[in-house]
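I have placed the structure first, in the form of structure tokens, so that the comments after it can refer back to it.
Heavy atoms only: backbone and side chains are in, while hydrogens, waters and symmetry mates are out. All values reported here derive from a predicted model rather than from experimental measurement. Numbers here are sequence positions counted from 1.
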Amino acid sequence: AARADGIFLEGWGWRSNAQQIRLREQNCGNVYSAQPSTCTPPTAIPGTSRHEYGLAVDFHVGGVALRSGTSEFQWLVQNARDYGFFNLPSEAWHWSDTGG
């Protein structure tokens, strides 16, 4: 539907627990004790990420994380709910079944 409207989104959804651990090492330093909000970018503790359950997508445009204010973001704001996706307000790129 996005493509039909001239919106070209890329996405990364499911990731394994091992991938989540690697992301935490990369983004947080401490895998289990750092709060997700202290990581750059924010990164869920392994076992708690919606990505590990196949229930979240991080959207990208041209290989760059989606930013608010773009036409692609606005398209998602207007249409994503129709597909069961809700945005995590602190992360423009992160959309899931709960918004978390």
Side-chain angles (χ1 to χ4, degrees):
R3 186 166 287 167
D5 288 342
I7 301 296
F8 299 95
L9 295 167
E10 304 161 350
W12 181 27
W14 180 83
R15 67 178 70 116
S16 69
N17 183 260
Q19 288 172 308
Q20 190 69 25
I21 289 169
R22 282 193 299 277
L23 281 176
R24 284 283 294 189
E25 288 170 341
Q26 173 186 318
N27 300 339
C28 312
N30 190 304
V31 174
Y32 292 100
S33 65
Q35 291 298 312
S37 61
T38 66
C39 306
T40 305
T43 309
I45 295 168
T48 68
S49 172
R50 307 299 291 165
H51 290 283
E52 291 175 89
Y53 300 97
L55 300 172
V57 174
D58 286 346
F59 285 105
H60 300 259
V61 177
V64 177
L66 182 68
R67 294 187 324 257
S68 61
T70 63
S71 58
E72 294 86 0
F73 181 81
Q74 291 306 316
W75 188 93
L76 283 167
V77 167
Q78 294 171 2
N79 297 283
R81 185 171 297 231
D82 295 341
Y83 301 95
F85 286 102
F86 303 89
N87 179 239
L88 177 61
S90 62
E91 300 177 13
W93 61 88
H94 181 86
W95 296 72
S96 74
D97 65 322
T98 64

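Taking both residues in full, the closest heavy atoms of Ile21 and Pro46 are given as CG1-CG, 3.6 Å, listed atom of the first, atom of the second, then distance. A pairwise comparison of heavy atoms in Pro89 and Gly99 identifies CD-O, 4.5 Å as the closest pair.
Follow the hydrophobic side-chain contacts under 4.5 Å out from Leu23 and you never reach Leu55; the two are in separate clusters. One hydrophobic cluster, built from ILVMFWY side chains closer than 4.5 Å, holds both Trp75 and Trp93. In the hydrophobic clustering of this structure, Val31 groups with Ile45; members are Ile, Leu, Val, Met, Phe, Trp, Tyr whose side-chain heavy atoms approach within less than 4.5 Å, directly or through other members. Follow the hydrophobic side-chain contacts under 4.5 Å out from Tyr83 and you reach Val77 in the same cluster.
Formation of a donor-acceptor pair under 3.5 Å by the Thr98 side chain with backbone atoms of Ser96 is not found in this model. Panel note: side chain Arg67, backbone Ala92; no donor-acceptor pair is recorded below 3.5 Å. The main-chain N or O of His94 is never found under 3.5 Å from a side-chain atom of Arg50 such that the two would form a donor-acceptor pair.
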Just do the side-chain contact (heavy atoms from CB on, under 4.5 Å) check on Ile7 and Asn79 with the steps written out, would you? CA-CA 12 Å; Ile7 301 296; Asn79 297 283; over 6 Å; no
Any chance you could lay out the side-chain contact (heavy atoms from CB on, under 4.5 Å) test for Tyr53 and Asp97, step after step, and finish with the verdict? CA-CA 11 Å; Tyr53 300 97; Asp97 65 322; over 6 Å; no
Apply side-chain contact (heavy atoms from CB on, under 4.5 Å) to Leu88 and Ser90, showing your working. CA-CA 6 Å; Leu88 177 61; Ser90 62; 3.7 Å; yes
Could you walk me through whether Leu66 and Leu76 pass the side-chain contact (heavy atoms from CB on, under 4.5 Å) test, one step at a time? CA-CA 10 Å; Leu66 182 68; Leu76 283 167; 3.4 Å; yes
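The closest side-chain heavy-atom distance from Pro41 to Asn27 is below 4.5 Å. Side-chain contact between Pro36 and Arg24: present, with at least one pair of heavy atoms (C-beta onward) separated by less than 4.5 Å.
When Glu52, Arg15, His51 are each tested for a side chain to side chain donor-acceptor pair (under 3.5 Å) with Gln20, only one passes: Arg15.
One finds the CZ atom of Arg3 at 6.0 Å from the CZ atom of Phe8 (value rounded to the nearest 0.5 Å). The distance from atom CD of Gln26 to atom CD of Gln19, rounded to the nearest 0.5 Å, is 11.5 Å. Of the inter-residue distances, the one linking Ser16 atom OG with Arg22 atom CZ reads 6.0 Å to the nearest 0.5 angstrom.
Applying the ring pair (Phe, Tyr, Trp, His ring centres under 6.0 Å) test to residues at least two apart or on different chains, none of the pairs has a partner in residues 12-35.
Residues satisfying the side-chain hydrogen bond (donor to acceptor under 3.5 Å, both in side chains) criterion with Asn87, sequence neighbours excluded, are absent altogether.
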